[in-house]
Participant: 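Once you've had a glance at the structure underneath, I'll fire off some questions.
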Amino acid sequence: LAWRRDHAFDPASVAVLTPLISRNFAAVMPFDRPKTALEAKFSLPFVVAGPMIAGRLGLGELTDAFVTRPDVVALMGKVEPVITDVFDPDYPAAAPEDYVDIHFHDGRVVRTPPVKRASGHADRPLSEADLEAKFMDCTAKAGMERARAGQLFAALARVDDLVSTAEITT
């Protein structure tokens, strides 16, 4: 995802996407060709292809309509995982690092920067701005007005200083 944010490209120019992933993590992603948003949550091809198309992967992309878009389906079909049994000694379920090799039709191969821990992991916490963006995405999906969501986020951000939780609802 970080690589995609910095690189514009035509998804049709991709021949193959080869993500490296641990056998344990691959086992919890059984849906190779998801047809629904629920299946997409457990699909390695979707979590690789989705951000390549959208430049992000949030609740806005976890919809049946996005999952079944022809360009997303086409790119998911180009995902060929590389499964490893080499594990990180500090996190035994995970590979030492994850990355995606992007093979283009013109012969170029680009490797995304390796990721040792997912964004939001305790070893790689989200920034305040990222937390707010995620919160706003979640509340928008739930139908909350943006201004109200911003007020709620601000109140929750100072929850340690509140005299009463009633301050959150006011």
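Keep in mind that the numbers below use all heavy atoms, side chains included, and drop hydrogens, waters and symmetry copies.
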Participant: Please go through Y99's hydrophobic cluster and name the other residues, only I, L, V, M, F, W, Y counting, with side-chain heavy atoms under 4.5 Å joining them.
Facilitator: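 Taking Ile, Leu, Val, Met, Phe, Trp and Tyr as members, Y99 shares its hydrophobic cluster with L20, V82.
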Participant: With a cut-off of 3.5 Å and sequence neighbours excluded, list every side-chain donor-acceptor pair involving residues 73-81.
Facilitator:
from	atom 1	to	atom 2	distance (Å)
K78	NZ	V14	O	2.7

Participant: Above 12 or not: heavy atoms from other molecules or residues under 6.0 Å from NZ of K141?
Facilitator: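 Yes, because the 6.0 Å sphere around NZ of K141 holds more than 12 heavy atoms from other groups.
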Participant: Any chance you could measure E128, atom CD, to F153, atom CZ, to the nearest 0.5 Å?
Facilitator: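 Separation between the atoms: 4.5 Å.
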Participant: Do you know the tightest heavy-atom contact between A95 and T84?
Facilitator: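 That closest heavy-atom pairing would be CB-CG2, 3.7 Å.
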Participant: Any side-chain heavy-atom pair from D137 and R56 closer than 4.5 angstrom?
Facilitator: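 They are in contact (side-chain heavy atoms under 4.5 Å apart), so the answer is yes.
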Participant: Could you tell me whether the side chain of D98 and the main chain of I21 form a donor-acceptor pair under 3.5 Å?
Facilitator: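 Checking the backbone N and O of I21 against the side chain of D98, no donor-acceptor pair under 3.5 Å is found.
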Participant: Not counting sequence neighbours, which residues clear ring-ring contact (aromatic ring centres under 6.0 Å, His included) with H121? List them please.
Facilitator: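 H121 satisfies ring-ring contact (aromatic ring centres under 6.0 Å, His included) with Y91 once adjacent residues are dropped.
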Participant: Is the closest side-chain heavy-atom distance between V67 and T36 below 4.5 Å?
Facilitator: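 When only atoms from C-beta onward are counted, T36 and V67 do not touch, as no gap falls below 4.5 Å.
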Participant: Using salt bridge (charged side-chain N to carboxylate O under 4.0 Å, His left out), reason through D90 and K116 one step at a time and then give a plain yes or no.
Facilitator: CA-CA 11 Å; D90 296 325; K116 189 165 179 69; 5.3 Å; no
Participant: Quick one: does D106's side chain get under 4.5 Å of S13's, heavy atoms only?
Facilitator: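 The answer is no; the side chains never approach within 4.5 Å.
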Participant: So, using side chain to side chain donor-acceptor pair (under 3.5 Å) as the criterion, who are the partners of D130 when residues are at least two apart?
Facilitator: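 Residues passing side chain to side chain donor-acceptor pair (under 3.5 Å) with D130: S127.
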Participant: Kindly give the cluster partners of F31, where membership spreads through any ILVMFWY side chain lying under 4.5 Å from a current member.
Facilitator: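 When side chains under 4.5 Å apart are linked, the cluster holding F31 also contains L38, F42.
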Participant: Test of understanding: with salt bridge (charged side-chain N to carboxylate O under 4.0 Å, His left out), list the residues that count as partners of D123, not counting sequence neighbours.
Facilitator: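 Once residues adjacent in sequence are excluded, the partners of D123 under the salt bridge (charged side-chain N to carboxylate O under 4.0 Å, His left out) criterion are R117.
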